[in-house]
Amino acid sequence: MAETIQLTRKDFVSDQDVRWCPGCGDYAILSSIQKLMPELGVPKEDILFISGIGCSSRFPYYMNTYGFHTVHGRAPAFASGAIVSNPDLSVWLITGDGDGLSIGGNHLLHTLRRNLNMQILLFNNRIYGLTKGQYSPTSKEGTKAKTTPDGSIDHPVCPATFALGSGATFVARTVDTDLKHMSMVFKRAAEHPGAAFVEIFQNCVIFNDKEWEEIEDKKTRPDAALKLEHGEPLVWGSSGNRKGIKMRNGIVSVIELSDDDDPAEKGIRIHDERMPTPGYATILSSLTRPDYPMPIGVLRAVESSVYEDDLIGQIDAAKEQRGEGTLEDLLYSGDTWTVE
Amino acid sequence: MAETIQLTRKDFVSDQDVRWCPGCGDYAILSSIQKLMPELGVPKEDILFISGIGCSSRFPYYMNTYGFHTVHGRAPAFASGAIVSNPDLSVWLITGDGDGLSIGGNHLLHTLRRNLNMQILLFNNRIYGLTKGQYSPTSKEGTKAKTTPDGSIDHPVCPATFALGSGATFVARTVDTDLKHMSMVFKRAAEHPGAAFVEIFQNCVIFNDKEWEEIEDKKTRPDAALKLEHGEPLVWGSSGNRKGIKMRNGIVSVIELSDDDDPAEKGIRIHDERMPTPGYATILSSLTRPDYPMPIGVLRAVESSVYEDDLIGQIDAAKEQRGEGTLEDLLYSGDTWTVE
Amino acid sequence: MATKRVEEVNDITIRFSGDSGDGMQLTGMNFTETTALVGNDVSTLPDYPAEIRAPAGTLAGVSGFQVHFSSRPSHAPSDYLDALVAMNPAALKNNIGDVLPNGLVIINSDSFKKANLVKAEYLEDPLPDLRERFQVIEIAITKLTREALKDIDLSSKEKDRCKNIFALGLTYWLYNRPMEFTQTWLNQKFGKNQAVLEANLTTLNAGYFLGETLEALPVSYVIHKAKIEPGTYRNIMGNQATAMGIAAAGHLMECDVVLGAYPITPATDILQELAKYKHFGVKTFQAEDEIAAAGIAVGASFAGKLGVCTTSGPGYVLKQEIVNLAVMTELPLVLIDVQRGGPSTGLPTKVEQSDLLLALYGRNSDSPMPVLAPSSPGDCFTIVLEAFRLAVKYMTPVTVLSDGYLANSSEPWKLPEIESLVRAPVKHHKDAETFSPYKRDPETLARPWAPPGTAGCEHRIGGIEKDYETGDVSYDNNNHHKMMEVRAAKIAGMVRDIPDLEINGPESGKLLIVGWGNTEGAINEAIKEAREEGMEVSSIHLRHLNPFPANLGEILKGFERIVVPELNMGQLVHLLRSEFLVPAERYSKVAGRPLRVHELLKHITDILKDEA
Amino acid sequence: MATKRVEEVNDITIRFSGDSGDGMQLTGMNFTETTALVGNDVSTLPDYPAEIRAPAGTLAGVSGFQVHFSSRPSHAPSDYLDALVAMNPAALKNNIGDVLPNGLVIINSDSFKKANLVKAEYLEDPLPDLRERFQVIEIAITKLTREALKDIDLSSKEKDRCKNIFALGLTYWLYNRPMEFTQTWLNQKFGKNQAVLEANLTTLNAGYFLGETLEALPVSYVIHKAKIEPGTYRNIMGNQATAMGIAAAGHLMECDVVLGAYPITPATDILQELAKYKHFGVKTFQAEDEIAAAGIAVGASFAGKLGVCTTSGPGYVLKQEIVNLAVMTELPLVLIDVQRGGPSTGLPTKVEQSDLLLALYGRNSDSPMPVLAPSSPGDCFTIVLEAFRLAVKYMTPVTVLSDGYLANSSEPWKLPEIESLVRAPVKHHKDAETFSPYKRDPETLARPWAPPGTAGCEHRIGGIEKDYETGDVSYDNNNHHKMMEVRAAKIAGMVRDIPDLEINGPESGKLLIVGWGNTEGAINEAIKEAREEGMEVSSIHLRHLNPFPANLGEILKGFERIVVPELNMGQLVHLLRSEFLVPAERYSKVAGRPLRVHELLKHITDILKDEA
Ligand SMILES: Cc1ncc(C[n+]2csc(CCOP(=O)(O)OP(=O)(O)O)c2C)c(N)n1
Ligand SMILES: Cc1ncc(C[n+]2csc(CCOP(=O)(O)OP(=O)(O)O)c2C)c(N)n1
Ligand code: SF4
Ligand code: SF4
Ligand SMILES: [Mg+2]
Ligand SMILES: [Mg+2]
């Protein structure tokens, strides 16, 4: 459709007042998505945002596309139903660390392994925002939140590691303050055939402020985050503080590099999004601060068959082989007899 | 308790008729557990078997211990409630590939990451037995089962990879036909502090016969399975067909070995259960037949704090710091006034 | 050998029973199909208690299949047996209690060994006693089968698998049934394996011919064709009819069906059947659990398709949060709950009318939803079509309460003529100018359905209360009350789409029996018998449980006593009392089996005697 | 400056309202505590509509806190306001409709700028019109606060945060309240930050003294102490009382409490409160969802502890499959549902009596469970204790229906004397000899509770139907019916443990009002006023919804008309009609707020006039 190219960011802004707290990281994500939409060239009416419940899950109300704000944790199921019903849709699933990984972890697992075509954006603020500040499954051990006055005792789940363990074909990470990076990652996700899982480090100013400060802050980011790029070495750090990662027999080591060292020469691992099994990406996703950098960008992107394509393939094949079923076929098949 | 040492296998056999199909792999698992129990030296009354729903989940009825046959998929929650209530119990959770990974995947994820002390035995027959033969989340792609007459289109989940992605501290695999191996693995699981996840390859004679034949059959097993042992090289294969695994930068390669090659010399990876992050074990768990051997045994065993220990620690600390709360403290705290 | 006597009878009930591995379900189905083809009216009652195959020969492993056939129209499984086929002692023990005095009991004497008696928990040989009370026909079925097959090259294990076919052949002789249907069926089933096919055909004959020769069987029976409405028929089970109804809805409404389901007894067959219907355009999605299944169906509805879920009690409970979202967002959805014995896991393979109140009240806050219930296996088809029609017309979830008995029992079903089926193509809203997501149709109060893909109708909905006019999120107090009222009014208003009840019997009097769901056949039978005994009693049968038909209140007021037989602790009776303030009385049977005609008849008799 | 007039009044209702960020909840709570300490009877109604902080100044961002205080005992939030404090135009707009004609309206005139008027969707300045209808007191609160703090070293943003304290000080003068409580509270809260502390204390004084000087305020009011039962009191909110009840149950029953919960509005506070009660031995477990939370609680019960769950509507729905297992396995369990507006996500922060029918019927098959409901914030404590006692005595899950209004509103609560609290230590079954898991107590029909760890009592239970005698799995038909009956009889039999209802007013007559839950205060108020106007009307209030108190039927029969006010579409009325066949009438208000006294009074008046 030619006219869709003329859409602008404003076309994607709905008439609803945005009701997040001033300073919430969600604003930047919203704006980055609204900016990206026209670039994708998909007509507005073919775009569907689906969410669960949480601050983040209010997102669909603010997009001037189709939107469905469902129930807590189950958005992947609604999205699955929508995409198998109409594979032409561009489906965006918006979820939070509570919505997606606490109550909704199982639906995420199965949607990822089935590889249904949708973008799954998980806003990870490591807290329950909407219910006002309880710890979430991604909260760091020892978090003092409203339900853990003495510090949380659960070991947190790492969203990317979990997604990899669930068989996700596309796993990426990005940061709410880095508009360019977000935009790049969202675009890659949109282009990926199948389920594309993106974790976004998002700041909740009210209940968990500065949780991601190191990576959100432009100044500290270069030394805290490793921006992954396919075919490029695992290197990060500001000038004078350059480092690289080596892997040997599954063991990771950090190598100091001078500004003009050739990483390849030093045996630094070259990033490969396309490793057939999730082991390598899991090594990356499990790296934690402060000993290691936090890898952001695309950790894994492999091709695999897409659920709804296969489903429709089976339906077409059945019609081909058995002929398109009619009501007569349906009712009058099997053993019948006639009473006169 | 001295007398518990005198218990025998028979003490663990309940008075209920076992109602699995003749030839079902569940029998061997039951018998191996009943045999192991006296060895653990835990009094019968302190043992609790908890299960969901499925053929496998009938297990508790056959154990002459405490048993709770709950609802489909939620056994981890009941088990969590029981162990935090009474940390002296030896809790065994019995589940199937449907119970544990279809409806129950989320509870498994959270129980594993919380590291509550229990043994989780997942009987993987890659089929729904009790409901008579529908495909399960572990069924191979293309499985023709009752609900997939044209072959299944989902990509299966790998139980061990999923458990690793969920932060499990102990992950192992064993086979229903190898009594010695099962016994070893179960014992290791029982000794592990925290959640010990064990996948058992189990044969369903009726609805998915021979699914694991290669590994179940004593003859083919040596060339199909790699028995992991901590500190030993990743080597398998019958005499004349010996092979080893090398890992370089996260890439796995299979090396042919002569019967008297020294694996270490050939650069074969030495198995290490105790790698701090799950990447290495994920590489192992993702190996698939026929290109690679199927690793069985303990993939990962690391120490980490146990949920109920920490919970009780916090309670003890609170009592210490604030004094054991009384009814007076409870009611008469805060601002009160008296009307006369 | 003298020619045997042939007796005419009107009505026979036979039960085939044996070990789970003995093929009793197949035997019963063959007998049923043959009997239906002959022109009798038939109604069946399968009974497979154990979900897991229990050890062979034990009581827990017994599987049975009952066939009631008649020269008169009859739609109830009968309470007692004229004949029992028992392949082993356990089958005998489990079933002998249902055989009429002096009834026929055919046993496989080869299986009455000590070991088997022990497995069946018989302390001593039961036969001596039974011979006094029944016509016990002892046949060495195993031996005779092996003999018949001695020239066929199969293992004896394989040969023994034909035992059930031997029994089937014998009953064909006994009731003068033709063997063609079964022969054709065997050909289809074993066509690829000649030896097995031959073995089965030979055994079928051997059983049949044994009937002719066996002295212990001096009589065979003829049951004439029933006078049945002209038309084309097939034998149908409720789950099959449900599956067909779902597929047919897609065609008649010209809109794809998307089924979200998770396996659960006794609903799984519907998913399994529909998975074979891909060429009818049906999409089936086996979800990770029932919640996801409901989400998938509602997601499909939002996307403009016909979302449907099939499940049973425990799964139906799990779906309620999502059903509530469909109530709030006013999306069409069909929920089929094949009820089973409860509470909790309960008696998963047994029948119960368990979930009526759950369907009405199982969601947080007031959340009105229409509820329908089929009254016979074939009616499942009709009710399902009705459910889809109402769901789309009124933009609402609709629940259909089927149950484990309707699901698995069968009856001859008169196939509807294709032209007679109402075509009601779905019309999505397309016009951007006039679109507003909660602008209601003034008559039906339904909101418009504009799925994604419709240019200019982009909109956002969710589970938070919405503004009456715009459909936007609204926290306004009075708006909330107004929305509550309009949601209730929409469902209540569906009454105009529901036919008035027809009353079976006089329009007023001493006693009215009110039924719903699977009990229709049994109630009608009991009423027929009561009338034959000179009693005056009327009945009505509800297929619409919410809203109730418009004339229900009027009818109830015409009777002195109202008795409501239910396979639960009194759920419909509760609703009738509350809504109409009539002293309806509960008549509860919660025993995992269909309503028993003679028990109800006795109750009717007692009441009418009371009154007299 | 002349000394100002002081007027005595009996009853004042004031509402503080402003932006979510303006600290209105804290202001209201301070006013409430101070007022309670002074000896007035108090009842509060907080109102924070938006879950997310909406942009400052918008209508969606308004937060309010209403305090009704009196020199007479009074337990209803009143419908209308004597005084409104509005910190911005949006607050004014949202609340002005509730102010009595000529009532006091105190506004922060600094915030009535054009931009703010626009945000509040005012097309023109509302003040000219309002000045005609109300006593509008316009105070430049922002400016005056900044001035008062000019010598303190804080940013102006920080200074502006004291605005609410200014308003509080002013109202303390207006109603002659002492400032000590708030001063102490400020000291505790800001003790560590001297500048902030000083700023707040200074502002409080500034507000107070402005009252003395401001000419526009010629009168201040005195409200005398209420005649209140002697005793020690504290101000309590329902969720607090619930948390205390749960912790107290553990002590009184000498058995640890294990709470499985998942955050959900408006129940989360209970979990948050109990998480601080570790030194009382309470174990809290924040689960991954409500299903797991229920599983954790039932797992704890099986293990011999007091399992409890706190949740609200959508979460309560999700738990039902597991509750059903507790019904089947007959394990004690306490479920607290803090009801909120529905259906679906509905109105999460608003009150509704939404889940009565859900509690009774929300599970597959007949699954009887006792249901209790507190009638005031303090009653939550008593009811929770009662729930635990019944759960353990009868080995059953018990539901307590609290709600969003009880949860967050407060009242002065007379603390029970420790000795008066019933100690009922849990006695687990220990004797292996006499143990059988389903051997029932002949009187209560409860089965024995033998947790793991008890030697010789090893046993296995689950959700499949069980044998009446042994508790083993049983698929037997008649056994199932028997178990259905005994489960029902057990719960019905609890009636002997439930006190008879006391009737407020004559025992028979023209009109009976029947209430349950949070409406007690409002109903009593309406009845009091009706009587003052010479009408004869009685009322009863149910705290036990299942089983009903034994004398309920008798009472209902004594009245010509029965009206049932409910904050739902008529749930209790449905039960009363069905159970007692009385023509009870629904009086439904589903508007997300408490019952309004004057509306009910009007309804009563209309009825009694009708009759006249
Ligand atoms: C069934 C159910 N349980 C609980 C809730 C309450 N609830 C709403 S949002 C939420 C957590 C949100 O956390 P997250 O997904 O991290 O979103 P955030 O607000 O942090 O963006 C919870 C517990 C609910 N709405 N429904
Ligand atoms: C809520 C609910 N949904 C569905 C079912 C039906 N059901 C019982 S067991 C089962 C699957 C069992 O599969 P698995 O866990 O692999 O056990 P197996 O029988 O293979 O040992 C299903 C779907 C149920 N009992 N409860
Ligand atoms: S509470 Fe946190 S996540 Fe929610 S809107 Fe406010 S800042 Fe954002
Ligand atoms: S159906 Fe399969 S898993 Fe179940 S008991 Fe039989 S063989 Fe075992
Ligand atoms: Mg969050
Ligand atoms: Mg299985």
Side-chain angles (χ1 to χ4, degrees), chain B residues 14 16 43-51 53 60-61 63-72 74-86 88-89 106-107 109-110 311-312 314-315 317-332 334-340, chain D residues 33 36-37 39 181 228-235 244 247-248 251-252 256 258 260 277-281 283 285 287-289 291-305 307 321-322 325 415-416 418 421 451-464 472-473:
Chain B
S14 84
Q16 300 293 301
K44 238 169 32 166
E45 63 269 20
D46 287 345
I47 300 174
L48 171 55
F49 278 80
I50 298 196
S51 65
I53 304 282
Y61 288 120
M63 294 295 304
N64 189 19
T65 61
Y66 282 92
F68 200 4
H69 180 222
T70 67
V71 299
H72 196 33
R74 322 292 178 185
F78 296 92
S80 299
I83 193 79
V84 300
S85 295
N86 183 353
D88 294 335
L89 297 180
N106 201 38
H107 307 302
L109 152 65
H110 292 283
L311 177 59
I312 286 159
Q314 288 192 341
I315 287 183
K319 287 183 178 170
E320 185 122 323
Q321 282 158 28
R322 287 169 250 166
E324 213 162 307
T326 65
L327 278 173
E328 285 76 9
D329 300 341
L330 181 69
L331 293 174
Y332 289 78
D335 296 296
T336 63
W337 68 94
T338 302
V339 175
E340 266 144 31
Chain D
E33 291 277 350
L37 286 169
F181 172 81
I228 292 179
E229 227 182 296
T232 302
Y233 284 78
R234 63 180 288 173
N235 224 358
M244 283 183 176
H251 278 251
L252 292 166
D256 284 351
V258 177
Y277 286 7
K278 295 219 169 60
H279 55 304
F280 293 104
K283 289 178 182 159
F285 194 135
E288 58 270 28
D289 65 10
I291 301 179
I296 286 160
V298 174
S301 296
F302 184 78
K305 305 300 178 196
E321 190 201 4
I322 293 204
L325 178 69
L415 293 170
I418 305 295
L421 296 171
T454 317
C457 295
E458 294 81 7
H459 66 282
R460 293 142 293 276
I461 57 175
I464 302 180
D472 289 342
V473 167

State whether the side chain of [X] and the backbone N or O of [Y] hold a donor-acceptor pair below 3.5 Å, judged by distance alone.
{"X": "B:S51", "Y": "B:H69", "result": "no"}
{"X": "B:D329", "Y": "B:T326", "result": "yes"}
{"X": "D:K283", "Y": "B:V84", "result": "yes"}
{"X": "D:R234", "Y": "D:L415", "result": "no"}
{"X": "B:Y66", "Y": "D:T454", "result": "yes"}

Which of [options] touches chain B most, by non-hydrogen pairs under 4.5 Å:
{"options": "D:G463, D:C457, D:A297", "result": "D:C457"}
{"options": "D:G456, D:A36, D:S301, D:A294", "result": "D:A36"}
{"options": "D:A303, D:G307, D:P230, D:G281", "result": "D:P230"}
{"options": "D:I228, D:D256, D:I291", "result": "D:I291"}
{"options": "D:V473, D:V258, D:I322", "result": "D:I322"}

Is B:Q16 close to chain D through its backbone or its side chain, or both, or neither, when contacts mean heavy atoms under 4.5 Å? side chain
At a heavy-atom separation under 4.5 Å, does B:T70 approach chain D through its side chain, its backbone, both, or neither? both
Non-hydrogen atoms of chain B under 4.5 Å away: do they reach the side chain of [X], the backbone, both or neither?
{"X": "D:I461", "result": "both"}
{"X": "D:P451", "result": "backbone"}
{"X": "D:F302", "result": "side chain"}
{"X": "D:H459", "result": "both"}

Do you know which of [options] has the most heavy-atom pairs with chain D at a distance under 4.5 angstrom?
{"options": "B:L89, B:N86, B:I83, B:I53", "value": "B:L89"}
{"options": "B:E324, B:H110, B:M63", "value": "B:H110"}
{"options": "B:D88, B:L330, B:T338, B:I47", "value": "B:L330"}
{"options": "B:R74, B:E340, B:H107", "value": "B:H107"}

Can you check whether D:E288 reaches B:L109 side chain to side chain, under 4.5 Å on heavy atoms? no
Answer whether the closest heavy-atom distance between the side chains of B:V339 and D:E229 falls below 4.5 Å. no
Ring centroids only, cut at 6.0 angstrom: are B:F78 and B:F68 within range, meaning strictly under it? yes
Taking all non-hydrogen atoms of both residues, which atom of D:I296 and which atom of D:G260 are closest, and how far apart? CG2-CA, 4.3 Å
Look at atom CD of B:E328 and say whether more than 12 heavy atoms of other residues, nucleotides or ligands are closer to it than 6.0 Å. yes
